[in-house]
Structure formats: structure tokens, C-alpha cells
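Report on the structure given below.
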Amino acid sequence: MPSLEFSHPFDLAATLASGQIFHWENPEPGTFVGLIGEHGDHPAILHQPAPDAPVAIHHGDPHTIAHYLGHHHDLPSIQATFPQDAHIAAALAWSPGLRILSQPRWECTATFITSSMKNIPAIRKMSIALRQRFGKEIQIGSHTLHTYPTPETLAAVGETALRQCGLGYRATSLASAAESIASGQVDLAAPAHAQDLETARAHLTQLRGVGPKVADCVLLFAYARHDAFPIDVWVERIILQLYLAKKHKKNRTPAKIREFADTYFGPNRGYAQQFLFHHARHHLTKK
DNA sequence: CTCCAGGTCTCAT
DNA sequence: ATGAGACATGGA
């Protein structure tokens, strides 16, 4: 059976549970079943008995899997660009092998459009419902998987059908975004060609339901833009409680938080953000 | 039952 | 530029 050796820390379970991806199944300890590849239609069954152990490939193409898992990321070099402070140190110690995935563009865009004002279990539930109702069924061993529905499919089924998957007001946004992609009005290849982050963001925020936060998530998780720094309620808490705690009110505004994030955390700040986010969700109090 | 969730959009200063 | 409300649904 083929396996993937990582020369730097890698923790499959932590990576898949860190709020960047929502569809993977975990039928037994250490085993994960999901769909990957450019269009999210390539099944993979992976087994990692413990963090940093080799990843056994029970099913799937090793090259596609390696790319998806960020196998080529030089984690020590990436982490060396982070600021050295106690909060970063704690986050790195909590899950040293956390990696940023390379997700399918549309799947990532769509799931984060549905993510607003929902907790992670709810995002997963909506995502699974959409897949089961409108995705293509894929049988792999004893597992039945469903691809994330294409823009064409979601545009065709319409908003009402999407509401029945529990999307609420997000159905309007998802239906509109799907239509924009399906019609060719917005091209998800464009952000990949953009030089600067601002241009890449501008391509994505043309879509309904994609604001600055979702755009940064998509750039980070689907376009390997590790300089994109999503600021959600958790990251805002982290920065306000841990970094700007003593600052005057005037320096704790959204604009100041953004400015701090973009200058303090370095060129791989998106990566740093994911370590902080994952750690905070398990340790930080809501204040 | 109440509170809140990996926000965005609109419309008001 | 900055701030207040509305928005639908379900998990905790």
C-alpha cells in the first residue's frame, strides 16, 4: 500500500478539523474519507495512526493527495517567518503539524459563502445536505460520497431548493454566486493570475455573499495565497484580547485590527492565522 | 428558552 | 470612512 512520508510536521486529524474544510468523514480513529482534486471528484481514503506518522493511502492518487495536503510546504521555513511571541508559540505547540490545504476553488468559495453567522458543525451540516441532494454520487469501497454541486447545478435548482438545505438567507447569495460563475460573468481562474492580493480579492468580491473575510478564506484555502489573512469573530478576539488589549479604543477599530494583522504577522500571515484560529477555538474565552 | 455562530449588504451619518 | 440593523437557521 502506498504511503506519503512527510519530512516536516504533519497532523492529518488536526488539519481536517481546523475549520478550513467541512466534508471529510472519520469512520474510525485515524481514517479519513473525502473528495479532492481540482474539481473535488477524486476520492481519497487516508490513514494516519498518529501525528507525524506516514499517511497510508488506502485509496486515491498519491500526487493529487500530496498536493491537496500541502505535502511540499516547508513548515519550519514558513514558521520561521512568524513573529516570535508567546501566543504564536502556544499555537504552534498546540498543533505543530497543522497545514493549509489546497481546496477546489468553487467548493471552497461556496462553502464559505454559506459560512456566515454559522458555527462549524452547522456549516458542515449545510455542506453535506447540498452534496447529498445535488452532488454526484461516488461509490468508493463501502463508502458513498457526494461531490459538491457545480455552479451550473446550483444555478439551475434555484434559491428555494437551497433554502430547503437549511441555508436561510445564504441561499440568495449562493444561488446568485453560482449564476455568476455558470454564466461566465465571473471567472474563478482570474484570482490565480492576480499579482497583488487586492486584485485577487476584487475578483472574488464580485460574487454575492463574498466580502473581505470570505475572500481571504478562499484565497488562503483554495489559491495557496498564504498572505491572505481572514479576520472573523475568533481572529478579532485573538487580536483584541492578546495583542491590542492595552491599546486605546481608537486603536481597536476594524481598520486598526486589519492594519496590525497585515504588518505584524509577516509574509505567511494566513498560515499564522490558521494556527492561532485553531488554538483559540480550544483555549480562548469569548469576552 | 435564550444566546450566538469562521459576515455581508444596505443605508444612515 | 464608519456605524447600526437586518438577515434565517440551528447548535449549545
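Any value given below was found using the heavy atoms of this structure, including those in side chains, with hydrogens, waters and symmetry copies removed. The sequence lines fix the lettering, A, B, ..., with proteins before strands; numbering per chain opens at 1.
Using a 30° and 60° split on the angle between ring planes, A:Tyr271 and A:His73 fall in the perpendicular class, above 60°. By the 30° and 60° cut-offs, the orientation of the rings of A:Phe265 relative to A:Tyr243 is perpendicular.
Scanning atom types as modelled, no donor and acceptor separated by under 3.5 angstrom connect the side chain of A:Glu236 and the base of B:dG7.
Every residue was checked against the salt bridge (Lys or Arg N to Asp or Glu O under 4.0 Å) condition with A:Arg208, not counting sequence neighbours, and none meets it. Under the rule for a side chain to side chain contact (heavy atoms under 4.5 Å, CB included), the partners of A:Glu137 that lie at least two apart in sequence or sit in another chain are A:Gln139, A:Thr144, A:His146. Taking the ring-ring contact (aromatic ring centres under 6.0 Å, His included) definition, one finds that A:His203 meets it with nothing, sequence neighbours left out.
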Check the interface with nucleotides 10-13 of chain B: list each N/O to N/O pair with the protein under 3.5 Å, or write none.
unit_1	atom_1	unit_2	atom_2	d
B:dT10	OP1	A:Arg208	NH2	2.6

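In this structure, A:Gln273 atom CD and B:dG6 atom P are separated by 13 Å, rounded to whole Å. Remark: P of B:dG6 and CD1 of A:Ile239 are 17 Å apart, rounded to the nearest angstrom. Atom-to-atom, CG of A:Asp216 to P of B:dT8 comes out at 9 Å; the value is rounded to the nearest Å. In this structure, CD1 of A:Ile120 is placed 14 Å from C1' of B:dG7, rounded to the nearest angstrom. Spacing between atom CZ of A:Phe275 and atom C1' of B:dG6 amounts to 17 Å, rounded to whole angstrom units. In this structure, A:Phe112 atom CZ and B:dG7 atom C1' are separated by 12 Å, rounded to whole Å. To the nearest angstrom, C1' of B:dG6 lies 15 Å from CG of A:Leu219. As a whole-Å value, the separation of A:Phe22 CZ from B:dG6 P is 9 Å.
Here, B:dG6 and C:dG5 have their P atoms 23 Å apart, quoted to the whole Å.
Listed by first and then second residue, the salt bridge (Lys or Arg N to Asp or Glu O under 4.0 Å) pairs that reach into residues 153-165 of chain A are A:Glu159-A:Arg163, sequence neighbours excluded. For residues 101-115 of chain A, the set of pairs meeting the salt bridge (Lys or Arg N to Asp or Glu O under 4.0 Å) definition, not counting sequence neighbours, comprises A:Glu107-A:Arg131. For residues 114-126 of chain A, the set of pairs meeting the salt bridge (Lys or Arg N to Asp or Glu O under 4.0 Å) definition, not counting sequence neighbours, is empty.
In summary, A:Arg201 and A:Asp196 do not engage in a salt bridge, as defined by a charged side-chain N under 4.0 Å from a carboxylate O.
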Can you list, pair by pair, the side-chain donor-acceptor contacts under 3.5 Å of residues 25-41 of chain A, counting residues two or more places apart and other chains?
unit_1	atom_1	unit_2	atom_2	d
A:Asn26	ND2	A:Glu28	O	2.9
A:Asn26	ND2	A:Thr31	O	2.8
A:Thr31	OG1	A:His47	ND1	2.9

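A:Val214 comes within 4.0 angstrom of sugar-phosphate atoms only, judged by non-hydrogen atoms across all strands, and of no base. Heavy atoms of A:Gly209 sit under 4.0 angstrom from primed sugar atoms or phosphate atoms, though from no base atom.
Centre separation under 5.5 Å together with a plane angle under 30° holds for the ring of A:Phe277 and the six-membered base ring of B:dG6, marking them as stacked.
Nearer to the 5' terminus of DNA chain B, by closest-nucleotide assignment, is the contact made by A:Ser18 (compared with the other of A:Leu207 and A:Ser18). Remark on DNA chain B: of its neighbouring residues A:Ser173 and A:Gln274, the 5'-side contact belongs to A:Gln274, judged by nearest-heavy-atom nucleotide.
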Within the 4.0 Å limit for protein heavy atoms, which parts of nucleotides 2-12 of chain C are touched? Write it as a string from 5' to 3', B for base, S for sugar-phosphate only, - for none. S----BBBSS-

